[in-house]
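A quick note: this is a predicted structure, and the numbers were derived from the prediction, not measured.
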Amino acid sequence: MKLSLKLGATPEDFSNLPPEQRRKKLQQKVDELNKDIQKEIDQRDALTKMKDVYTKNPQMGDAASVGQKLAEIGHNIEKLRFEVQKFEGWLAEVEGRLPVRNDNSRRQSGLYETQNTTTANNCAQDRESPDGSYTEDQSQETEVKVTPTEFDDDFDDEEPLPTIGTCKALYPFSGTISVAEGEVLNVIEEDKGDGWTRIRRNEDEEGYVPTSYIEVYLDRNAKDS
């Protein structure tokens, strides 16, 4: 007798459910875990760029502290992948027990998983590309924070830079300038290859944001001039 079932607790492998319902629950869990993994990978990519900037320019921030955060994210990804393997094992087990009439639906499920993986990979590549093509909802992305004094030296004794375009924030960010998701701001300096773009909200507010966090629309005339 399973006391956990009498007490109303659901087994982790959903073994208390009929095969088809169990398969759906396990598939849903695998999909959720894969989404969590993708979020961790996105955050890791952003922090890796930040660490590179700090390594090349130590006055801008502490690369070691970013390295510690990257190690934590790496550990989280390993744990999530272990969980995926565990649930995929249970899923393979229950699919093996389903009647033959469900073979077609299992093939469709496998195709769905392949399409999901391809879509996730494409989205990850899009976030790295300059054209800013995004298809996923980014509202739950983890906000990366940097200290407000990191880029202060860059603004001392400088003439205001002209606006060369606009950008739309795809993620919330807090650093030398704080931006909200969906906010439109002015671009005053392009990414020079270090993963950062310089933006301005008004005459008194400007700063750097990760290029992968924004979608840039450059004014060709301003750029040519």
Heavy atoms, side chains only, cut-off 4.5 Å: are Lys25 and Arg22 in contact? no

Any side-chain heavy-atom pair of Ile199 and Cys167 under 4.5 Å: yes

Tightest non-hydrogen contact, residues Val94 and Pro19, listed as CG2-O, 3.5 Å

Student check: side-chain heavy atoms of Pro210 and Lys49 closer than 4.5 Å: no

Name the residue from Leu161, Leu218, Val209, Thr166 that meets the side chain to side chain contact (heavy atoms under 4.5 Å, CB included) definition with Val187. Leu218

How close do Asn202 and Asp204 get, counting heavy atoms only, and between which atoms? OD1-N, 2.9 Å

Less than 4.5 Å apart, any side-chain heavy atom of Arg201 and any of Asn186? no

For the CD atom of Gln21 and the CG atom of Asn16, what is their distance to the nearest 0.5 Å? 9.5 Å

Closest approach of Phe14 and Leu26, non-hydrogen atoms and distance? CD1-CD2, 3.7 Å

Taking all non-hydrogen atoms of both residues into account, name the closest pair between Val53 and Asp194 and its distance. CG2-O, 3.0 Å

Report yes if some heavy atom in the side chain of Phe173 is under 4.5 Å from a heavy atom in the side chain of Tyr208; otherwise report no. no

Straight-line distance of Ile73 CD1 to Gln43 CD, nearest 0.5 Å: 3.5 Å

Pair Arg23-Leu91, side-chain contact (heavy atoms from CB on, under 4.5 Å): steps then yes or no: CA-CA 6 Å; Arg23 185 194 67 78; Leu91 182 59; 3.6 Å; yes

Sequence neighbours excluded - salt bridge (Lys or Arg N to Asp or Glu O under 4.0 Å) pairs with any residue from residues 51-63: none

Could you grab the distance from atom OH of Tyr54 to atom CG of Leu47, nearest 0.5 Å is fine? 9.0 Å

Please answer whether the main-chain N or O of Ala180 pairs with a side-chain N or O of Glu183 as donor and acceptor at a distance below 3.5 Å. yes

Can you list everything that forms a side chain to side chain contact (heavy atoms under 4.5 Å, CB included) with Lys24? Sequence neighbours excluded, please. Glu20

We want to know whether Asp31 and Gln28 form a side-chain donor-acceptor pair, criterion being a heavy-atom distance below 3.5 angstrom. no

For the residue pair Asp219 and Thr163, establish whether any side-chain heavy-atom pair is separated by less than 4.5 Å. no

Shortest non-hydrogen contact from Ile41 to Ile77? CG1-CD1, 4.0 Å

At their closest point, which heavy atom of Ala169 faces which heavy atom of Val179, and how far apart are they? CB-CG2, 4.2 Å

Check the pair Gln38, Asp42 against side chain to side chain donor-acceptor pair (under 3.5 Å), reporting the backbone distance first and the verdict last. CA-CA 6 Å; Gln38 189 59 50; Asp42 292 342; 3.2 Å; yes

If you define the side chain from C-beta out and look only at heavy atoms, does anything of Trp196 sit under 4.5 Å from Glu189? no

Is there any side-chain hydrogen bond (donor to acceptor under 3.5 Å, both in side chains) pair reaching into residues 67-86, and which pairs are they, with sequence neighbours excluded? Glu12-Lys86, Glu83-Lys86

Kindly compute the distance separating NZ (Lys168) from CD (Glu181), expressed to the nearest 0.5 Å. 8.5 Å

Quick one: does Arg200's side chain get under 4.5 Å of Ile177's, heavy atoms only? no

